[in-house]
*Asks:* 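Quick one: the structure is below, and I'll ask about it shortly.
Indexing begins at 1, ligand by ligand and atom by atom, following the structure's order. Throughout, residue positions are numbered sequentially from 1 according to the sequence presented.
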Amino acid sequence: MPVPDVFSPAKLGPITLRNRTIKAATFENRTPDALVSDDLIEYHRLPAAGGVGMTTVAYCAVSPGGRTSNDGLWMRPEAVAGLRRLTDAVHAEGALVSAQIGHAGPVADARSNKARALAPVRFFNPIGMRFAKKATRDDIDEVTAQHADAARYALDAGFDAVEIHLGHNYLASSFLSPLINRRSDEFGGSLANRAKVARGIVQAVHTAVGGQIAVTAKLNMSDGVRGGISLDESLTTAKWLQDDGGLDALELTAGSSLVNPMYLFRGHAPVKEFAGVFPPPLSWGMRMTGNRFLRQYPYTDAYLLQEARLFRAELSLPLILLGGITNRATMDLAMAEGFEFVAMARALLAEPDLINRIAAEPATLSECIHCNQCMPTIYERTHCVVTGAPDSIH
Ligand SMILES: Cc1cc2nc3c(=O)[nH]c(=O)nc-3n(C[C@H](O)[C@H](O)[C@H](O)COP(=O)(O)O)c2cc1C
(Lines give C-alpha, C1' and ligand atoms only; values in the text may rest on other atoms or scores of the structure.)
Protein backbone atom coordinates (compact mmCIF):
# COMPACT_ATOMS: atom_id res chain seq x y z
CA MET A 1 0.00 0.00 0.00
CA PRO A 2 1.37 3.45 -0.89
CA VAL A 3 1.95 5.75 2.10
CA PRO A 4 -0.81 8.39 2.19
CA ASP A 5 0.05 12.07 2.10
CA VAL A 6 -0.74 13.66 5.47
CA PHE A 7 -2.33 16.54 3.55
CA SER A 8 -4.76 14.32 1.66
CA PRO A 9 -8.38 13.94 2.88
CA ALA A 10 -9.26 10.93 5.02
CA LYS A 11 -12.41 9.28 6.32
CA LEU A 12 -12.91 8.93 10.05
CA GLY A 13 -16.01 6.78 10.45
CA PRO A 14 -18.91 8.81 9.02
CA ILE A 15 -16.89 12.04 8.52
CA THR A 16 -14.11 13.10 6.16
CA LEU A 17 -11.29 15.38 7.27
CA ARG A 18 -9.64 17.62 4.67
CA ASN A 19 -6.27 16.34 5.87
CA ARG A 20 -4.93 13.94 8.50
CA THR A 21 -3.99 16.47 11.19
CA ILE A 22 -5.98 16.92 14.40
CA LYS A 23 -5.51 19.60 17.03
CA ALA A 24 -5.30 17.59 20.26
CA ALA A 25 -7.10 18.61 23.44
CA THR A 26 -5.51 21.49 25.35
CA PHE A 27 -7.84 22.50 28.19
CA GLU A 28 -8.67 26.08 27.24
CA ASN A 29 -10.04 27.71 30.38
CA ARG A 30 -12.03 30.18 28.32
CA THR A 31 -15.43 29.19 29.63
CA PRO A 32 -16.63 31.74 32.21
CA ASP A 33 -19.82 30.49 33.90
CA ALA A 34 -19.04 27.13 32.31
CA LEU A 35 -20.29 28.45 28.97
CA VAL A 36 -18.65 29.14 25.61
CA SER A 37 -17.06 32.59 25.23
CA ASP A 38 -15.98 34.47 22.08
CA ASP A 39 -12.46 33.89 23.34
CA LEU A 40 -12.97 30.12 23.21
CA ILE A 41 -14.42 30.36 19.72
CA GLU A 42 -11.38 32.31 18.52
CA TYR A 43 -9.09 29.75 20.18
CA HIS A 44 -10.53 27.08 17.89
CA ARG A 45 -11.16 29.25 14.85
CA LEU A 46 -7.44 30.02 14.62
CA PRO A 47 -6.15 26.44 14.10
CA ALA A 48 -9.12 25.86 11.79
CA ALA A 49 -8.07 28.87 9.71
CA GLY A 50 -4.52 27.60 10.09
CA GLY A 51 -5.26 24.44 8.14
CA VAL A 52 -5.91 21.71 10.69
CA GLY A 53 -8.24 18.89 9.63
CA MET A 54 -10.10 18.83 12.94
CA THR A 55 -9.79 20.72 16.23
CA THR A 56 -10.73 19.30 19.65
CA VAL A 57 -12.63 21.31 22.27
CA ALA A 58 -11.42 20.37 25.72
CA TYR A 59 -12.51 19.71 28.17
CA CYS A 60 -16.27 19.06 27.96
CA ALA A 61 -17.14 17.40 31.25
CA VAL A 62 -20.22 15.23 31.39
CA SER A 63 -21.30 16.66 34.77
CA PRO A 64 -20.31 19.54 37.10
CA GLY A 65 -18.45 17.11 39.35
CA GLY A 66 -16.61 15.64 36.36
CA ARG A 67 -14.70 18.87 35.75
CA THR A 68 -11.09 19.35 36.77
CA SER A 69 -12.19 22.65 38.34
CA ASN A 70 -15.12 25.03 38.23
CA ASP A 71 -13.54 26.96 35.33
CA GLY A 72 -14.57 24.15 33.04
CA LEU A 73 -17.55 23.67 30.78
CA TRP A 74 -19.96 20.84 31.30
CA MET A 75 -22.37 19.55 28.69
CA ARG A 76 -25.94 20.64 29.31
CA PRO A 77 -28.76 22.27 27.35
CA GLU A 78 -27.62 25.85 28.22
CA ALA A 79 -24.21 25.15 26.67
CA VAL A 80 -25.53 24.08 23.27
CA ALA A 81 -26.15 27.53 21.69
CA GLY A 82 -22.60 28.70 22.45
CA LEU A 83 -21.13 25.43 21.23
CA ARG A 84 -23.15 25.81 18.03
CA ARG A 85 -21.54 29.23 17.44
CA LEU A 86 -18.16 27.58 17.95
CA THR A 87 -18.78 24.70 15.55
CA ASP A 88 -20.15 27.16 12.95
CA ALA A 89 -16.99 29.27 13.23
CA VAL A 90 -14.73 26.23 12.80
CA HIS A 91 -16.77 24.89 9.88
CA ALA A 92 -16.62 28.30 8.16
CA GLU A 93 -12.84 27.82 8.04
CA GLY A 94 -13.17 24.40 6.39
CA ALA A 95 -12.18 22.31 9.41
CA LEU A 96 -14.13 19.82 11.50
CA VAL A 97 -14.50 19.87 15.27
CA SER A 98 -14.55 17.27 18.01
CA ALA A 99 -15.66 17.56 21.64
CA GLN A 100 -13.55 15.80 24.23
CA ILE A 101 -16.07 14.42 26.71
CA GLY A 102 -15.28 12.76 29.98
CA HIS A 103 -15.36 12.66 33.76
CA ALA A 104 -12.21 13.68 35.60
CA GLY A 105 -12.84 11.19 38.45
CA PRO A 106 -10.02 11.41 41.01
CA VAL A 107 -8.49 14.35 39.09
CA ALA A 108 -11.65 16.44 39.64
CA ASP A 109 -11.32 19.26 42.15
CA ALA A 110 -14.41 18.70 44.30
CA ARG A 111 -13.86 21.83 46.37
CA SER A 112 -13.68 24.11 43.35
CA ASN A 113 -16.54 22.29 41.59
CA LYS A 114 -18.71 22.32 44.70
CA ALA A 115 -19.73 18.85 43.60
CA ARG A 116 -18.55 15.45 44.70
CA ALA A 117 -15.80 13.73 42.78
CA LEU A 118 -15.94 10.02 42.01
CA ALA A 119 -13.20 7.41 41.93
CA PRO A 120 -12.97 3.61 42.01
CA VAL A 121 -12.05 3.90 45.69
CA ARG A 122 -12.27 6.71 48.25
CA PHE A 123 -9.39 8.83 47.04
CA PHE A 124 -7.68 11.96 48.33
CA ASN A 125 -7.12 14.78 45.84
CA PRO A 126 -4.31 17.01 47.20
CA ILE A 127 -5.24 19.98 45.01
CA GLY A 128 -8.87 20.07 46.07
CA MET A 129 -7.98 18.82 49.58
CA ARG A 130 -11.06 16.62 49.40
CA PHE A 131 -11.77 12.92 49.12
CA ALA A 132 -13.39 11.60 45.96
CA LYS A 133 -16.26 9.26 46.77
CA LYS A 134 -16.02 5.57 45.95
CA ALA A 135 -18.40 5.18 42.97
CA THR A 136 -21.33 2.86 43.52
CA ARG A 137 -22.96 0.84 40.76
CA ASP A 138 -25.64 3.54 40.51
CA ASP A 139 -22.97 6.23 40.20
CA ILE A 140 -21.34 4.27 37.38
CA ASP A 141 -24.67 3.89 35.59
CA GLU A 142 -25.33 7.61 36.02
CA VAL A 143 -21.91 8.63 34.69
CA THR A 144 -22.31 6.28 31.73
CA ALA A 145 -25.70 7.82 30.91
CA GLN A 146 -24.18 11.31 31.30
CA HIS A 147 -21.58 10.44 28.64
CA ALA A 148 -24.40 9.45 26.28
CA ASP A 149 -26.23 12.73 27.05
CA ALA A 150 -23.04 14.73 26.50
CA ALA A 151 -22.58 13.08 23.11
CA ARG A 152 -26.17 13.98 22.18
CA TYR A 153 -25.57 17.62 23.17
CA ALA A 154 -22.42 17.58 21.01
CA LEU A 155 -24.49 16.26 18.11
CA ASP A 156 -27.11 19.00 18.65
CA ALA A 157 -24.36 21.61 18.76
CA GLY A 158 -22.99 20.59 15.36
CA PHE A 159 -19.86 18.70 16.38
CA ASP A 160 -18.45 16.24 13.86
CA ALA A 161 -16.97 13.92 16.48
CA VAL A 162 -16.69 13.20 20.16
CA GLU A 163 -13.48 12.04 21.77
CA ILE A 164 -14.11 10.03 24.93
CA HIS A 165 -11.43 10.64 27.55
CA LEU A 166 -10.22 7.21 28.66
CA GLY A 167 -6.73 8.40 29.62
CA HIS A 168 -4.58 10.22 32.17
CA ASN A 169 -6.18 8.51 35.20
CA TYR A 170 -9.41 10.42 34.75
CA LEU A 171 -12.44 8.36 35.84
CA ALA A 172 -12.50 5.59 33.22
CA SER A 173 -8.71 5.37 33.23
CA SER A 174 -8.57 5.20 37.03
CA PHE A 175 -10.90 2.20 36.88
CA LEU A 176 -8.48 0.58 34.42
CA SER A 177 -5.52 1.22 36.73
CA PRO A 178 -4.72 -1.67 39.07
CA LEU A 179 -2.86 0.84 41.24
CA ILE A 180 -5.92 3.02 41.88
CA ASN A 181 -8.71 0.50 41.40
CA ARG A 182 -8.50 -1.73 44.47
CA ARG A 183 -12.13 -2.79 44.32
CA SER A 184 -13.15 -6.36 44.88
CA ASP A 185 -16.56 -6.16 43.18
CA GLU A 186 -17.54 -6.61 39.52
CA PHE A 187 -15.58 -3.41 38.60
CA GLY A 188 -12.27 -4.42 40.23
CA GLY A 189 -9.72 -7.20 40.14
CA SER A 190 -9.41 -8.73 36.68
CA LEU A 191 -8.78 -6.52 33.64
CA ALA A 192 -12.17 -7.60 32.27
CA ASN A 193 -13.77 -6.08 35.39
CA ARG A 194 -11.61 -2.95 35.42
CA ALA A 195 -12.37 -2.29 31.74
CA LYS A 196 -16.16 -2.40 32.24
CA VAL A 197 -16.53 1.34 32.86
CA ALA A 198 -14.54 2.33 29.75
CA ARG A 199 -16.29 -0.21 27.53
CA GLY A 200 -19.72 0.65 28.90
CA ILE A 201 -19.18 4.36 28.27
CA VAL A 202 -17.98 3.80 24.70
CA GLN A 203 -20.99 1.61 23.92
CA ALA A 204 -23.41 4.14 25.44
CA VAL A 205 -21.91 6.98 23.39
CA HIS A 206 -21.87 4.87 20.23
CA THR A 207 -25.56 4.06 20.67
CA ALA A 208 -26.42 7.68 21.52
CA VAL A 209 -24.94 9.17 18.34
CA GLY A 210 -26.08 6.33 16.09
CA GLY A 211 -23.32 6.77 13.51
CA GLN A 212 -24.23 10.41 12.80
CA ILE A 213 -20.86 11.70 14.04
CA ALA A 214 -17.51 10.00 14.64
CA VAL A 215 -16.65 8.49 18.01
CA THR A 216 -13.02 8.31 19.07
CA ALA A 217 -11.36 7.64 22.41
CA LYS A 218 -8.10 8.79 23.98
CA LEU A 219 -6.60 5.78 25.74
CA ASN A 220 -3.49 5.40 27.88
CA MET A 221 -1.01 2.93 26.47
CA SER A 222 0.65 3.03 29.88
CA ASP A 223 0.50 5.24 32.97
CA GLY A 224 4.27 5.45 33.34
CA VAL A 225 3.81 4.43 36.99
CA ARG A 226 4.80 1.19 38.67
CA GLY A 227 1.62 -0.80 39.31
CA GLY A 228 -0.43 1.37 36.95
CA ILE A 229 -1.88 0.52 33.54
CA SER A 230 0.70 -1.51 31.61
CA LEU A 231 1.24 -1.80 27.87
CA ASP A 232 0.02 -5.41 27.83
CA GLU A 233 -3.22 -4.65 29.63
CA SER A 234 -3.84 -1.55 27.57
CA LEU A 235 -3.35 -3.47 24.36
CA THR A 236 -5.92 -6.04 25.50
CA THR A 237 -8.33 -3.23 26.40
CA ALA A 238 -7.78 -1.65 22.98
CA LYS A 239 -8.59 -4.97 21.28
CA TRP A 240 -11.80 -5.27 23.29
CA LEU A 241 -12.76 -1.71 22.35
CA GLN A 242 -12.05 -2.52 18.72
CA ASP A 243 -14.11 -5.71 18.83
CA ASP A 244 -16.99 -3.97 20.64
CA GLY A 245 -17.32 -1.87 17.47
CA GLY A 246 -18.13 1.41 19.22
CA LEU A 247 -15.11 3.42 18.04
CA ASP A 248 -14.09 4.92 14.71
CA ALA A 249 -10.51 5.56 15.88
CA LEU A 250 -8.28 5.45 18.93
CA GLU A 251 -5.89 8.22 20.00
CA LEU A 252 -2.94 6.80 21.90
CA THR A 253 -1.68 8.65 24.95
CA ALA A 254 0.20 7.86 28.17
CA GLY A 255 0.82 9.21 31.66
CA SER A 256 -1.22 10.25 34.64
CA SER A 257 -2.49 13.70 35.59
CA LEU A 258 -2.57 12.34 39.14
CA VAL A 259 0.84 10.84 39.68
CA ASN A 260 3.07 11.30 36.62
CA PRO A 261 2.00 14.15 34.34
CA MET A 262 5.36 14.67 32.64
CA TYR A 263 5.20 11.16 31.18
CA LEU A 264 2.50 12.61 28.95
CA PHE A 265 4.49 15.68 27.92
CA ARG A 266 8.24 15.07 28.15
CA GLY A 267 10.67 17.98 28.18
CA HIS A 268 11.18 20.61 30.88
CA ALA A 269 9.23 20.10 34.12
CA PRO A 270 7.78 23.52 35.03
CA VAL A 271 7.93 23.06 38.83
CA LYS A 272 8.55 26.72 39.71
CA GLU A 273 5.82 27.91 37.37
CA PHE A 274 3.32 25.44 38.83
CA ALA A 275 4.20 26.48 42.37
CA GLY A 276 3.55 30.07 41.28
CA VAL A 277 -0.08 29.45 40.37
CA PHE A 278 -1.10 27.76 43.62
CA PRO A 279 -1.74 29.54 46.92
CA PRO A 280 0.15 28.40 50.04
CA PRO A 281 0.39 25.75 51.41
CA LEU A 282 -0.01 24.04 48.02
CA SER A 283 2.71 26.20 46.48
CA TRP A 284 5.13 25.21 49.27
CA GLY A 285 4.26 21.55 48.74
CA MET A 286 4.82 21.95 45.02
CA ARG A 287 8.19 23.62 45.55
CA MET A 288 9.27 20.89 47.96
CA THR A 289 7.95 17.77 46.22
CA GLY A 290 7.42 19.11 42.71
CA ASN A 291 10.51 17.43 41.30
CA ARG A 292 9.06 14.08 42.32
CA PHE A 293 5.52 14.80 41.11
CA LEU A 294 6.72 16.44 37.89
CA ARG A 295 9.40 13.88 37.19
CA GLN A 296 11.25 14.99 34.07
CA TYR A 297 11.59 12.86 30.91
CA PRO A 298 13.72 13.80 27.92
CA TYR A 299 11.78 15.06 24.93
CA THR A 300 12.24 13.48 21.53
CA ASP A 301 10.13 13.93 18.42
CA ALA A 302 7.29 11.38 18.16
CA TYR A 303 8.10 10.15 21.68
CA LEU A 304 5.10 7.81 21.93
CA LEU A 305 5.83 6.07 18.63
CA GLN A 306 7.70 3.13 20.12
CA GLU A 307 4.75 2.14 22.32
CA ALA A 308 2.19 3.04 19.65
CA ARG A 309 3.87 0.74 17.12
CA LEU A 310 2.83 -2.25 19.25
CA PHE A 311 -0.79 -1.11 19.00
CA ARG A 312 -0.46 -0.54 15.26
CA ALA A 313 0.87 -4.05 14.81
CA GLU A 314 -2.02 -5.68 16.69
CA LEU A 315 -5.03 -3.55 15.76
CA SER A 316 -6.94 -2.86 12.56
CA LEU A 317 -8.81 0.11 14.09
CA PRO A 318 -7.68 3.51 12.72
CA LEU A 319 -5.11 5.00 15.09
CA ILE A 320 -4.14 8.59 15.86
CA LEU A 321 -0.49 9.11 16.78
CA LEU A 322 0.14 11.79 19.41
CA GLY A 323 3.13 13.13 21.29
CA GLY A 324 5.91 15.29 19.89
CA ILE A 325 4.58 15.63 16.36
CA THR A 326 5.59 19.08 15.25
CA ASN A 327 6.90 18.99 11.69
CA ARG A 328 6.54 17.38 8.28
CA ALA A 329 9.16 14.70 9.00
CA THR A 330 7.27 13.37 12.05
CA MET A 331 3.97 13.55 10.17
CA ASP A 332 5.43 11.54 7.28
CA LEU A 333 6.92 9.05 9.74
CA ALA A 334 3.49 8.54 11.35
CA MET A 335 1.93 7.91 7.94
CA ALA A 336 4.72 5.51 6.95
CA GLU A 337 4.20 3.61 10.22
CA GLY A 338 0.55 3.08 9.34
CA PHE A 339 -1.19 5.66 11.54
CA GLU A 340 -4.25 7.20 9.93
CA PHE A 341 -4.00 10.59 11.67
CA VAL A 342 -1.61 12.71 13.72
CA ALA A 343 -2.71 14.77 16.72
CA MET A 344 -0.75 17.83 17.82
CA ALA A 345 -1.22 19.81 21.02
CA ARG A 346 1.62 22.12 22.08
CA ALA A 347 2.89 22.86 18.58
CA LEU A 348 -0.55 24.14 17.51
CA LEU A 349 -0.98 26.02 20.78
CA ALA A 350 2.28 27.80 19.98
CA GLU A 351 1.42 28.37 16.31
CA PRO A 352 -2.19 27.85 15.28
CA ASP A 353 -1.24 28.42 11.63
CA LEU A 354 1.52 25.79 11.63
CA ILE A 355 -0.32 23.29 9.41
CA ASN A 356 -0.74 25.76 6.54
CA ARG A 357 2.89 26.83 6.88
CA ILE A 358 4.12 23.22 6.79
CA ALA A 359 1.88 22.53 3.79
CA ALA A 360 3.39 25.52 2.00
CA GLU A 361 6.97 24.85 3.10
CA PRO A 362 7.71 21.28 4.28
CA ALA A 363 10.95 22.37 5.97
CA THR A 364 9.02 24.59 8.43
CA LEU A 365 9.99 23.84 12.02
CA SER A 366 7.83 24.41 15.08
CA GLU A 367 8.64 27.17 17.52
CA CYS A 368 7.50 24.96 20.41
CA ILE A 369 10.51 24.29 22.64
CA HIS A 370 8.54 21.93 24.95
CA CYS A 371 9.32 24.17 27.91
CA ASN A 372 5.85 23.14 29.09
CA GLN A 373 5.20 26.54 30.56
CA CYS A 374 1.83 26.37 28.82
CA MET A 375 0.85 23.72 31.40
CA PRO A 376 0.36 26.03 34.42
CA THR A 377 -1.46 28.57 32.21
CA ILE A 378 -4.44 26.19 32.24
CA TYR A 379 -5.24 27.66 35.67
CA GLU A 380 -5.65 31.15 34.17
CA ARG A 381 -6.17 31.16 30.40
CA THR A 382 -4.31 28.60 28.37
CA HIS A 383 -1.67 30.02 26.04
CA CYS A 384 1.90 29.58 24.83
CA VAL A 385 4.29 31.74 26.86
CA VAL A 386 6.95 31.60 24.11
CA THR A 387 4.98 32.90 21.11
CA GLY A 388 2.09 34.50 22.98
CA ALA A 389 -0.32 32.51 20.80
CA PRO A 390 -3.19 32.25 20.35
CA ASP A 391 -3.42 35.97 21.24
CA SER A 392 -0.50 36.91 19.06
CA ILE A 393 0.05 35.04 15.79
CA HIS A 394 2.26 35.27 12.73
C1 LIG B 1 -1.86 23.20 28.09
C2 LIG B 1 -2.27 21.79 27.84
C3 LIG B 1 -3.56 21.36 28.18
C4 LIG B 1 -3.95 20.03 27.93
N5 LIG B 1 -5.23 19.64 28.21
C6 LIG B 1 -5.63 18.40 27.89
C7 LIG B 1 -6.97 18.00 28.08
O8 LIG B 1 -7.84 18.77 28.50
N9 LIG B 1 -7.30 16.72 27.76
C10 LIG B 1 -6.38 15.83 27.27
O11 LIG B 1 -6.72 14.69 26.99
N12 LIG B 1 -5.10 16.19 27.07
C13 LIG B 1 -4.72 17.44 27.36
N14 LIG B 1 -3.43 17.82 27.10
C15 LIG B 1 -2.49 16.82 26.54
C16 LIG B 1 -2.38 16.93 25.04
O17 LIG B 1 -3.61 16.66 24.41
C18 LIG B 1 -1.31 15.97 24.48
O19 LIG B 1 -1.70 14.67 24.87
C20 LIG B 1 0.10 16.26 24.98
O21 LIG B 1 0.35 17.65 25.04
C22 LIG B 1 1.15 15.60 24.06
O23 LIG B 1 1.00 16.05 22.74
P24 LIG B 1 2.00 17.17 22.08
O25 LIG B 1 3.40 16.62 22.16
O26 LIG B 1 1.52 17.33 20.69
O27 LIG B 1 1.90 18.42 22.91
C28 LIG B 1 -3.03 19.13 27.34
C29 LIG B 1 -1.76 19.58 26.98
C30 LIG B 1 -1.37 20.88 27.21
C31 LIG B 1 0.00 21.32 26.80
*Asks:* Heavy atoms only: which of A25, G324, A350 lies closest to atom 6 (C) of ligand 1?
*Replies:* A25
*Asks:* So does Q306 have more than 12 non-hydrogen atoms from other groups sitting under 6.0 Å from CD?
*Replies:* no
*Asks:* Please list, in number order, the atoms of ligand 1 under 4.0 Å from a heavy atom of A24.
*Replies:* 17 (O)
*Asks:* Do the side chains of K239 and D243 get close enough for a salt bridge, i.e. N-O under 4.0 angstrom?
*Replies:* no
*Asks:* Is the backbone of I101 close enough, under 3.5 Å, to the side chain of Y59 for a donor and an acceptor to pair up by distance?
*Replies:* no
*Asks:* At a non-hydrogen distance cut-off of under 4.0 Å, which region of H370 contacts ligand 1 (side chain, backbone, both, or neither)?
*Replies:* neither
*Asks:* Looking at ligand 1, is there an atom of it that comes within less than 4.0 Å of some heavy atom belonging to G167?
*Replies:* no
*Asks:* Which of the numbered atoms in ligand 1 are below 4.0 angstrom from a heavy atom of G323?
*Replies:* 23 (O), 25 (O)
*Asks:* By side-chain contact (heavy atoms from CB on, under 4.5 Å), which residues pair with E273, not counting sequence neighbours?
*Replies:* H268, P270, Q373, P376
*Asks:* Could you check whether any side-chain N or O of H165 sits under 3.5 Å from a backbone N or O of G167, counting only pairs where one atom can act as donor and the other as acceptor?
*Replies:* yes
*Asks:* Determine whether a donor-acceptor pair (N or O, by modelled atom type, separation under 3.5 Å) exists between the side chain of R381 and the backbone of I378.
*Replies:* no
*Asks:* Below 3.5 angstrom, do we get any N/O pair linking R346 and ligand 1?
*Replies:* yes
*Asks:* Is the backbone of I325 close enough, under 3.5 Å, to the side chain of D301 for a donor and an acceptor to pair up by distance?
*Replies:* no
*Asks:* With a heavy-atom distance limit of 4.0 Å, tell me whether T326 approaches ligand 1 through its side chain, its backbone, both, or neither.
*Replies:* neither
*Asks:* Tell me, which pairs form a salt bridge (charged side-chain N to carboxylate O under 4.0 Å, His left out) where one or both residues lie in residues 146-162, sequence neighbours left out?
*Replies:* D149-R152
*Asks:* For ligand 1 and Q100, I'd like to know whether there is a polar contact (N/O to N/O, distance under 3.5 Å).
*Replies:* yes
*Asks:* Roughly how far apart are L118 CG and S63 OG, rounded to 0.5 Å?
*Replies:* 7.5 Å
*Asks:* Specify the protein heavy atom at minimum distance from atom 10 (C) of ligand 1: its residue, its atom name, and the distance to 0.1 Å.
*Replies:* K218 NZ, 3.4 Å
*Asks:* Would you mind running through ligand 1 and noting each atom that sits below 4.0 Å from a heavy atom of M344?
*Replies:* 26 (O)
*Asks:* Under 4.0 Å from any heavy atom of H165, which atoms of ligand 1 are there?
*Replies:* 9 (N), 10 (C), 11 (O)
*Asks:* Can you measure from OG1 (T216) to CD1 (I164) and round to the nearest 0.5 angstrom?
*Replies:* 7.5 Å
*Asks:* Looking only at protein heavy atoms, which one is nearest to atom 23 (O) of ligand 1, and how far off is it?
*Replies:* L322 CD1, 3.6 Å
*Asks:* Can R266 and N372 be counted as having a side-chain donor-acceptor contact under 3.5 angstrom?
*Replies:* no
*Asks:* Which atoms of ligand 1 sit under 4.0 Å from any heavy atom of L264?
*Replies:* 15 (C), 22 (C)
*Asks:* Is a donor on one side and an acceptor on the other found under 3.5 Å between the side chain of T31 and the backbone of D71?
*Replies:* yes
*Asks:* Name the closest protein heavy atom to atom 29 (C) of ligand 1, giving the residue it belongs to and the distance to 0.1 Å.
*Replies:* F265 CE2, 3.3 Å
*Asks:* Which atoms of ligand 1 sit under 4.0 Å from any heavy atom of A345?
*Replies:* 16 (C), 17 (O), 18 (C), 21 (O), 23 (O), 24 (P), 26 (O), 27 (O)
*Asks:* Which residue owns the protein heavy atom closest to atom 5 (N) of ligand 1, what's the atom, and how far is it?
*Replies:* F27 N, 2.9 Å
*Asks:* With a cut-off of 4.0 Å, which atoms of ligand 1 are near a heavy atom of T382?
*Replies:* 1 (C)
*Asks:* Which of the atoms of ligand 1 are close to I378, meaning less than 4.0 Å from one of its heavy atoms?
*Replies:* 1 (C), 3 (C)
*Asks:* What protein heavy atom sits nearest atom 22 (C) of ligand 1, and how far off is it?
*Replies:* Y303 OH, 3.3 Å
